[in-house]
Chemist: 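After the structure tokens below, expect a handful of questions from me.
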Amino acid sequence: MATTSKLCFVSCVNTNRPLVELLVRNLRQAAPGHDVVLYNGGGPEFDLSGIGVDVNPRSRKMRYSYLTGMLADTARWLVETSRVPDYLVLVEPDMMLIKPGLAEHLDRIMGDASYLGANFHKVRPGWADNPIGRRARWKWDEGWRDLTGSPAPYHSFNPGQIFGREYVEKLAALPHLDRIVARAEASRLEVLEEILYPTLAVSMGCRALSNPGSHALTLRWYAPTELQEFLEDDSVYLVHRVSGDPGAGDRRMIQDSLDGRLRPVAEYDDAHVPSDLRRRTKILAERFVRRRKLDLIAKFRSEVPRSFSTKGGW
């Protein structure tokens, strides 16, 4: 990996090698000459040999929704090997970089900022905020206020978080980083990577911005008409989420655009977008039930198990 790369894309992967290969191909095409690093969160049994990009040697097995350690390991490795890029970009296999020019775009919008996150904001009191944010706020005084040095949590959607050189170097040098990771991995709160890294941007003194392309970084799949708007939108480069099926209309449309052979929008199907009422209702109901369950756990149980606290884990 070149030491002067402006961008370094990093993705935690643990299954579905064909989809990982699609991600690598997409990044190589849309950001040629920049670095791609994979973090093998699947452990030794997930074979990434011959993938054609660097695999972080600090990789270890990761639990679903518990990825805080991935960025810590990556930041340390990049600093240790003198490979810190201007911008470290978190991507996931169900994302695509839809056009060239991301590095130049970041130069234009970031200025002296060293953190960019989708819908970056300070978590509001009560129930009105993002569910991940509100659960973190409920438990903030149990340990996170002291560990992060921030009186309140901040939130950004994890896919597409971007960290400048200043952030990466400060994070790697944080004396209590191991304690932060250990508590996050023991926590009953999921997806703390969406809380801790935006919050640390503030407490470490890094100027933080909300991504102007946040509307393309959500839990939804997008119809071809929306993708056309993203392709024409100067603020959008990264899209989440994209179907994992290489033949799906969204992935074909983005690929055709990158290949310079984009066809009229009407020629791309939207079968990848849940549209019938029964399917949409099922998705929303499952999401509602899961969120309420996690809300109850966060509200009425300690954030970390007693055994972790008594061992001096944080």
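Because the structure is a prediction, the values reported are computed rather than measured. All values below come from the heavy atoms of this structure, side chains included, with hydrogens, waters and symmetry mates left out.
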Chemist: When you compare the side chains of Q255 and Q29, does any donor N or O come within less than 3.5 Å of an acceptor on the partner?
Modeler: yes
Chemist: What do you reckon, are the aromatic ring centroids of Y154 and F120 less than 6.0 Å apart?
Modeler: yes
Chemist: So that I can tick it off, tell me whether E104 and R108 are bridged by a salt bridge, with the cut-off set at under 4.0 angstrom between side-chain N and carboxylate O.
Modeler: no
Chemist: Apply salt bridge (Lys or Arg N to Asp or Glu O under 4.0 Å) to R252 and D269, showing your working.
Modeler: CA-CA 10 Å; R252 287 190 297 108; D269 68 84; 3.0 Å; yes
Chemist: Hey, is CZ on R25 packed in by over 12 heavy atoms from elsewhere, all under 6.0 Å?
Modeler: no
Chemist: Heavy atoms only: give me the nearest M95-L217 pair and the separation to one decimal.
Modeler: CE-CD2, 3.9 Å
Chemist: Hey, are R251 and D245 close enough for a salt bridge, meaning a charged N less than 4.0 Å from a carboxylate O?
Modeler: no
Chemist: Can we say R241 and D250 salt-bridge, meaning some charged N sits less than 4.0 Å from an Asp/Glu carboxylate O?
Modeler: no
Chemist: Applying side-chain contact (heavy atoms from CB on, under 4.5 Å) to L48 and N40, what does each step give before you reach the verdict?
Modeler: CA-CA 8 Å; L48 290 173; N40 189 348; 3.8 Å; yes
Chemist: Per the side-chain contact (heavy atoms from CB on, under 4.5 Å) rule, which among R183, E185, K139 passes with V304?
Modeler: R183
Chemist: Any donor-acceptor pair under 3.5 Å linking the side-chain atoms of N119 with those of H155?
Modeler: no
Chemist: Whether R76 and E80 form a salt bridge (side-chain N of Lys/Arg under 4.0 Å from carboxylate O of Asp/Glu) is what I want to check.
Modeler: no
Chemist: Could you walk me through whether K6 and D107 pass the salt bridge (Lys or Arg N to Asp or Glu O under 4.0 Å) test, one step at a time?
Modeler: CA-CA 10 Å; K6 197 168 191 68; D107 282 343; 3.4 Å; yes
Chemist: Is a salt bridge present between R207 and E166, judged by a nitrogen-to-oxygen distance below 4.0 Å?
Modeler: no
Chemist: With a 3.5 Å distance limit and no angle check, can you tell me whether Y167 reaches the backbone of M204 through a side-chain donor-acceptor pair?
Modeler: no
Chemist: Would you find a donor on one side and an acceptor on the other, under 3.5 Å apart, between the side chain of T148 and the backbone of W144?
Modeler: yes
Chemist: In this structure, is the centre-to-centre distance between the rings of Y222 and H272 below 6.0 Å?
Modeler: no
Chemist: Give me the one residue out of N14, D73, T74 that meets side chain to side chain donor-acceptor pair (under 3.5 Å) with Y39.
Modeler: D73
Chemist: Between K61 and E45, is there a salt bridge with N-O shorter than 4.0 Å?
Modeler: yes
Chemist: Step by step, work out the side chain to side chain donor-acceptor pair (under 3.5 Å) result for Y115 and S156.
Modeler: CA-CA 10 Å; Y115 175 83; S156 290; 3.1 Å; yes
Chemist: For a 4.5 angstrom cut-off between non-hydrogen side-chain atoms, does R220 reach E226?
Modeler: yes
Chemist: Give me the atom names and distance for the closest heavy-atom approach of V239 to F230.
Modeler: CG2-CD1, 3.9 Å
Chemist: For R135 and E303, what are the C-alpha separation, side-chain angles and deciding distance, and is it a salt bridge (Lys or Arg N to Asp or Glu O under 4.0 Å)?
Modeler: CA-CA 10 Å; R135 292 177 206 128; E303 189 230 330; over 6 Å; no
Chemist: Distance to the ring centre below 6.0 angstrom and angle to the axis at most 45 degrees; does that hold for K99 and Y237?
Modeler: yes
